[in-house]
There are 2 protein chains.
Amino acid sequence: MKNRLKVERAEQNLSQNDLAERIGVSRQTINSIETGRYVPSTILALKFAQFFNKPVENLFTLEETD
Amino acid sequence: MKNRLKVERAEQNLSQNDLAERIGVSRQTINSIETGRYVPSTILALKFAQFFNKPVENLFTLEETD
DNA sequence: TGATATTGTAAAGCTAGCTTTACAATATGT
DNA sequence: ACATATTGTAAAGCTAGCTTTACAATATCA
């Protein structure tokens, strides 16, 4: 699964730490999701969507391997 | 987090087992999500959305406690 | 240059997601 | 009534998500 967190974050000029605090998770969680080490829970995905004001599908997209 | 899986399933007249096979998970996973025991991964949420042809936000919604 | 911010990783520890197997309770259909 | 389908749970086992702490590499900026 791919995600656009890094880009969305850049558009808002936020650091991983900023986003982590706004969403309520650790910075490592943000980093791990951005670098593809973790697939977030649906709760987290919905929070990102809410925060960036974009549909979940716009931030996260399935790949063949999923 | 609430979800509308049971309703969507009923609208399509599908059993938990049917949905499980279509999505590619075990029946217990479907049951556990429907009864609120598990929060699915974002990959699973996207698959449900794809299958029911509805946005993730339409199937899963955050609650205060999330 | 020197100090600070940002990002990438790693490890340990705990919890949660998912699987398989299994059984009971209820609903459906002949 | 009987057989079958559906749903709810449970337990064991494994993997993945998330936390905290910590350190190194790179970028930013006075």
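Proteins come first, then strands; the chains are lettered A, B, ... in the order of their sequence lines, and each starts at number 1.
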Examine [N]: is either OP1 or OP2 under 4.0 Å from a nitrogen or oxygen in the side chain of [X]? Give yes or no.
{"X": "A/Lys6", "N": "C/dT6", "value": "no"}
{"X": "B/Arg9", "N": "D/dT7", "value": "yes"}
{"X": "B/Arg37", "N": "D/dT9", "value": "yes"}
{"X": "A/Ser41", "N": "D/dC18", "value": "yes"}

Value in whole Å for how far the [atom2] atom of [N] lies from [atom1] of [X]:
{"X": "A/Glu34", "N": "D/dC18", "atom1": "CD", "atom2": "P", "answer": "14 Å"}
{"X": "A/Ile30", "N": "C/dT6", "atom1": "CD1", "atom2": "P", "answer": "14 Å"}
{"X": "A/Asn17", "N": "C/dA5", "atom1": "CG", "atom2": "P", "answer": "10 Å"}
{"X": "B/Ile23", "N": "C/dC18", "atom1": "CD1", "atom2": "P", "answer": "12 Å"}
{"X": "B/Gln12", "N": "D/dT6", "atom1": "CD", "atom2": "P", "answer": "16 Å"}
{"X": "A/Met1", "N": "D/dG17", "atom1": "CE", "atom2": "P", "answer": "9 Å"}
{"X": "A/Leu19", "N": "D/dC18", "atom1": "CG", "atom2": "P", "answer": "13 Å"}
{"X": "B/Gln16", "N": "C/dC18", "atom1": "CD", "atom2": "P", "answer": "15 Å"}

Is the shortest distance from a Lys or Arg side-chain nitrogen in B/Glu34 or B/Arg9 to a carboxylate oxygen in the other one below 4.0 Å?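 Yes, B/Glu34 and B/Arg9 are salt-bridged.
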Is any NZ, NE, NH1 or NH2 atom of the basic residue among B/Glu63 and B/Lys2 found under 4.0 Å from an Asp or Glu carboxylate oxygen of the other?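 Here B/Glu63 does not pair with B/Lys2 in a salt bridge, since their nearest N and O are not under 4.0 Å apart.
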Under the side chain to side chain contact (heavy atoms under 4.5 Å, CB included) test against A/Leu44, which residue among A/Val39, A/Ile30, A/Val25 passes? A/Val25
Polar side-chain contact A/Gln28-D/dT21 base: donor and acceptor under 3.5 Å: yes
Looking at the side chain of [X], which of [options] is the nearest nucleotide?
{"X": "B/Thr35", "options": "D/dT9, C/dC18, C/dG8", "answer": "D/dT9"}
{"X": "A/Pro40", "options": "D/dC18, C/dG8, C/dC18", "answer": "D/dC18"}
{"X": "B/Ser15", "options": "C/dC18, D/dT6, D/dC18", "answer": "D/dT6"}
{"X": "A/Ile33", "options": "D/dC18, C/dT19, D/dT7", "answer": "D/dC18"}
{"X": "A/Arg27", "options": "C/dT9, D/dT19, D/dC18", "answer": "C/dT9"}
{"X": "B/Asn31", "options": "C/dG8, D/dG8, C/dC18", "answer": "D/dG8"}

Would you say B/Ser26 and B/Thr29 are linked by a side-chain donor-acceptor pair, where the criterion is simply a distance under 3.5 Å? yes
Just wondering, more than 12 heavy atoms not from A/Arg22 lying within 6.0 Å of its CZ?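 Count not over threshold, so no.
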Could you let me know what C/dA22 is paired to, Watson-Crick or G-U wobble, both distances under 3.5 Å, or none if it's on its own?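 Check on C/dA22: paired to D/dT9, both distances under 3.5 Å.
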Using a 4.0 Å heavy-atom cut-off across all strands, classify A/Thr29 as base, sugar-phosphate, or nothing. base
Take B/Asp18 and A/Val39, find for each the nucleotide of DNA chain D with the closest heavy atom, and name the residue whose nucleotide sits nearer the 5' end.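 Taking each residue's closest nucleotide, the earlier one in sequence belongs to B/Asp18.
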Closest approach of A/Thr61 to A/Asp66 (non-hydrogen atoms, all atoms of both residues): O-OD2, 4.5 Å
